[in-house]
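Have a look at the structure below, then the notes.
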Amino acid sequence: MKQFGVAAFDTLEKEKYEGIGTDLLKRQSLELQEQLKIFQERLTVFADKHNDELKENPEFREKFMHMCSSIGIDPLSLFNKDKHLFNVNDFYYELCVKVIEVCRQTKDINGGVISFDELAKGYFKDMAIETADLEKAIDMLSALDGGFEIFRIRGKKFLRSVPNELTSDQTQILEICSILGYASVSLLKANLEWRNVRSRAVLDEMVANGLLWVDNQAGPEIHYWDPSWITTGLENNE
Amino acid sequence: MQPLPPIYSFPPLYTRQPNSIIRNQQLNAWIDLILQYARENKCWTMAKTGTSTADPKFNIFHNESIQRSVSPMFIDEIWALMIKQSKAIVNNDNNNNYFILWQNIDSWASLILQWFEDSNKLNQVVTIYELSQGDETINWEFHQMPEPLLILALKPLCKRNRATMLKDEDGAPIAIKVI
Amino acid sequence: MQPLPPIYSFPPLYTRQPNSIIRNQQLNAWIDLILQYARENKCWTMAKTGTSTADPKFNIFHNESIQRSVSPMFIDEIWALMIKQSKAIVNNDNNNNYFILWQNIDSWASLILQWFEDSNKLNQVVTIYELSQGDETINWEFHQMPEPLLILALKPLCKRNRATMLKDEDGAPIAIKVI
Amino acid sequence: SHRIAKKPALIIDREKFYNKELFLDEIAREIYDFAMSEFNETTTTTQNENIHIMVTLVDFYAIYNKSMRIGTGLISPLEMKEACQRFEKLGLNNLKLTRINNRVLCLSTKDSFNFVKSQILSTIDQNPGSDLLNLTNLINTPSTKTANNNKMETNNWTIGVIMEILQNCVDEGDLLIDEQISGIYYYMNTYWKV
């Protein structure tokens with residue numbers, strides 16, 4: 001049964017690879033995993049070496065790519081942007097696809113608001129992708145009018161993939177969070193002079209909408225954390 | 001010990017999240033953390049409190065460096081879901097202790113079957129002890145698997161009539177013969 | 001206590017609705033609920049938080065049975081509209097407290113006038129206290145009306161020269177004479 | 001029923017076309033076939049009229065590229081939109097680009113917006129107080145016979161479509177929200193007319 005939406009990407013992924021993958025890996029063992037890793041490395045070297053032939057011959061290229069995806073190699077990780085298989089633009093289209101997937105997959109963790117930093121550090125870390133590439137891909141996405149909106153918090157770029165816009169109060173709270181990672185009633189009073197009633201209302205509203213996580217072990221006050229700090233947390237403390 | 005992913009140092013991970021959609025993600029994050037820790041440290045069983053049998057000084061639900069720990073109530077919720085997803089099984093001998101299934105029972109069964117074939121032990125009686133502690137299984141991932149878990153992992157083979165379990169006088173499984 | 005209408009147990013009633021046309025009707029639904037509660041329980045004044053002076057254990061903005069409460073910010077919005085519609089008046093002595101006008105001032109004025117006529121108290125001085133607490137007004141709906149509110153309710157009569165207010169040395173109204 | 005995505009009849013490879021127009025025509029046909037088959041399994045192609053497809057273009061872009069274009073060169077977001085804009089010219093008129101909440105572009109069959117909206121409203125009507133996760137599960141699981149056709153209707157609306165149309169229901173006042181710290185829950189608007 002085909003499912004779509006967040007679940008779809010996993011099932012589509014699983015279904016496509018599992019259909020072929022399970023027969024191949026029915027008796028998954030340490031060795032087999034070992035061989036698979038070697039095979040993947042050889043495949044990457046092969047693709048690198050035969051970049052031109054793969055570019056010229058579509059049939060050969062298509063078989064090669066289907067074989068890669070059948071054993072779970074993410075095509076994006078196979079190449080780097082300078083020596084790419086087709087042309088550099090393709091590299092960006094794959095980035096576009098991955099950005100859409102990551103936004104949908106992380107919606108339940110961050111309420112549909114993800115920072116460019118988190119995208120770059122959390123999901124594209126091992127693919128040597130600079131933020132400039134990411135920004136170009138995200139700009140390209142605007143042609144699809146998918147309701148993916150870019151906005152800034154203290155100069156840092158965020159991408160929203162859910163319908164309702166952040167209110168100005170919510171944005172101000174994310175601004176406070178961009179300093180230490182969290183906001184609290186007293187922080188809002190100190191920085192924005194908000195009355196407790198207003199702070200509690202907006203903070204609770206953001207929790208209800210999945211935009212903030214709650215930490216009640218921080219002492220007398222509840223700390224409301226910005227989930228983009230999950231992956232970028234450590235680096236931000238430099 | 002290999003570092004756990006960044007979310008392990010995210011303070012709110014230790015507070016049961018009120019938002020139910022986020023809590024779902026939080027519970028699954030905890031289960032992935034436990035599985036990852038168990039796999040990387042060959043930690044077959046874990047105490048209900050989260051103390052690792054592989055390294056009793058380590059308790060996954062207590063993060064010293066950020067001074068955060070998971071409340072007992074929430075720990076129960078995590079174990080309950082993990083059992084429901086059959087990624088953990090209560091250890092019958094001591095139900096304050098769980099077997100961690102970083103691979104599901106069927107994958108263990110296929111792995112053990114492959115050992116029997118590769119080391120041409122088919123049609124031979126191999127004791128559960130030998131299978132778990134014997135030198136011949138040293139390089140296999142199921143080496144040192146606790147016997148109750150090993151017995152569970154052998155059940156699918158029996159069910160598929162690829163193996164017969166041999167029991168001692170009290171009816172406790174003692175050895176296996178794979179055909 | 002008579003049960004409030006079904007909408008009182010409808011969860012979305014407690015969340016400020018985003019659609020402004022709907023929110024307007026939601027605000028008015030709250031105002032009707034407050035008026036109905038006040039009328040049925042002779043609850044002349046209510047705390048800003050929604051606690052009823054008639055029964056301090058009851059808070060109209062907190063529905064125990066469905067575990068829902070109105071947020072403080074939305075409570076302010078409800079009182080603001082209620083005052084604008086002159087169905088509630090801030091109690092000057094304690095501005096965290098509102099007088100609930102389940103009947104508007106003019107209807108109270110005519111009711112009190114009718115009392116004066118029926119009990120042929122015309123052209124007699126009647127103290128505000130007597131009017132509110134006196135035995136002779138027991139069966140009348142304005143019985144036990146708080147004095148500040150009673151004074152307000154008498155104003156239209158004075159304005160129409162049907163009555164003159166008598167004040168004590170400090171100028172505070174103390175009695176009324178209706179002609 | 002597991003079905004490997006339909007093999008492209010011919011490898012539509014950008015470099016083989018000497019002009020972009022032809023390439024886009026071919027891509028448009030491939031998109032059309034893929035969408036018509038992939039997004040509605042319940043009816044055979046003969047009954048094209050009453051199948052309901054509605055997918056946000058951004059979600060469709062990711063699914064289409066991953067399923068059909070790996071190995072033959074992905075298409076750009078702009079190419080995706082341009083190709084869809086050629087359906088009418090190519091006589092592919094069961095699918096067209098529509099805009100919902102005058103913001104989000106979708107690929108949809110005729111009046112599938114109202115169809116999805118009625119599905120969301122009837123799901124909430126039967127399950128008052130559902131949250132988005134619950135709604136997505138309920139609406140995407142095979143329902144029993146639906147009103148208009150007596151076959152088992154399996155819906156497959158992407159999260160993008162569900163969120164947008166749910167937002168439309170709230171904005172228009174069909175649904176009311178019950179906001180708790182635990183999340184947002186939806187109810188039919190049975191009290192206040194709009």
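In what follows, every chain begins at residue 1, and chains take the letters A, B, ... in the order their sequences are listed. Only a predicted model underlies this, so the values are computations on that prediction, with no experimental measurement involved.
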Quiz item: Contact part of A:Ser142 toward chain D, heavy-atom cut-off under 4.5 Å: side chain, backbone, both or neither?
Solution: neither
Quiz item: Given side chains that start at C-beta, do those of D:Lys81 and A:Asp145 come closer than 4.5 Å, heavy atoms only?
Solution: yes
Exercise. Kindly compute the distance separating CG (D:Leu78) from OH (A:Tyr93), expressed to the nearest 0.5 Å.
Key: 8.5 Å
Quiz item: Has D:Glu88 got more than 12 heavy atoms of other residues, nucleotides or ligands less than 6.0 Å from its CD?
Solution: no
Self-check item: D:Lys193 NZ: over 12 foreign heavy atoms closer than 6.0 Å
Solution: no
Quiz prompt | Part of D:Ile75 lying under 4.5 Å from any heavy atom of chain A | solution = backbone
Quiz prompt | Among the listed options D:Thr56, D:Asn101, D:Ile184, the residue most often paired with chain A at heavy-atom distances under 4.5 Å | solution = D:Ile184
Quiz item: If you count heavy-atom pairs under 4.5 Å with chain A, which of D:Glu82, D:Arg99, D:Met163 comes out on top?
Solution: D:Met163
Quiz item: Is it the side chain or the backbone of D:Leu133 that comes within 4.5 Å of chain A heavy atoms, both, or neither?
Solution: side chain
Quiz prompt | Closest contact, heavy atoms only, A:Ile100 versus D:Val58 | solution = CD1-O, 3.4 Å
Self-check item: Close side-chain approach of D:Leu105 and A:Leu144, heavy atoms under 4.5 Å
Solution: no
Exercise. Please look at D:Gln180 and chain A and tell me whether the side chain, the backbone, both or neither of the residue comes under 4.5 angstrom of a heavy atom of that chain.
Key: backbone
Quiz item: Given D:Leu132 and A:Lys107, is the side chain to side chain contact (heavy atoms under 4.5 Å, CB included) satisfied, shown in steps?
Solution: CA-CA 12 Å; D:Leu132 177 61; A:Lys107 181 186 78 60; 3.5 Å; yes
Quiz prompt | Greatest number of heavy atom pairs closer than 4.5 Å to chain A - which of D:Ile181, D:Asp171, D:Val170, D:Val161 | solution = D:Ile181
Practice problem: Side chain from CB out, backbone as N, CA, C, O: work out which of these in D:Ser76 comes under 4.5 Å of a heavy atom of chain A, or both, or neither. | Solution: both
Practice problem: Identify the two heavy atoms, one from D:Gln167 and one from A:Pro163, that lie closest to each other, and give their separation to 0.1 Å. | Solution: CG-CB, 3.9 Å
Quiz item: Heavy-atom count around A:Glu165 CD within 6.0 Å, excluding the residue itself: above 12?
Solution: no
Quiz item: Atom CD in A:Glu101, atom NZ in D:Lys66: separation rounded to 0.5 Å?
Solution: 3.5 Å
Practice problem: Could you have a look at A:Ser161, A:Cys96, A:Ala143 and say which one has the most heavy-atom pairs with chain D under 4.5 angstrom? | Solution: A:Ala143
Quiz item: Which atoms of D:Met80 come close to chain A, meaning under 4.5 Å heavy atom to heavy atom: side chain ones, backbone ones, both, or neither?
Solution: side chain
Quiz prompt | Pick from D:Val104, D:Leu166, D:Ile162 with the largest number of heavy-atom pairs that fall under 4.5 Å of chain A | solution = D:Val104
Practice problem: Start with the C-alpha gap between A:Glu94 and D:Asn65, add the side-chain angles, then the distance that decides, and say whether side chain to side chain contact (heavy atoms under 4.5 Å, CB included) holds. | Solution: CA-CA 8 Å; A:Glu94 279 167 9; D:Asn65 264 322; over 6 Å; no
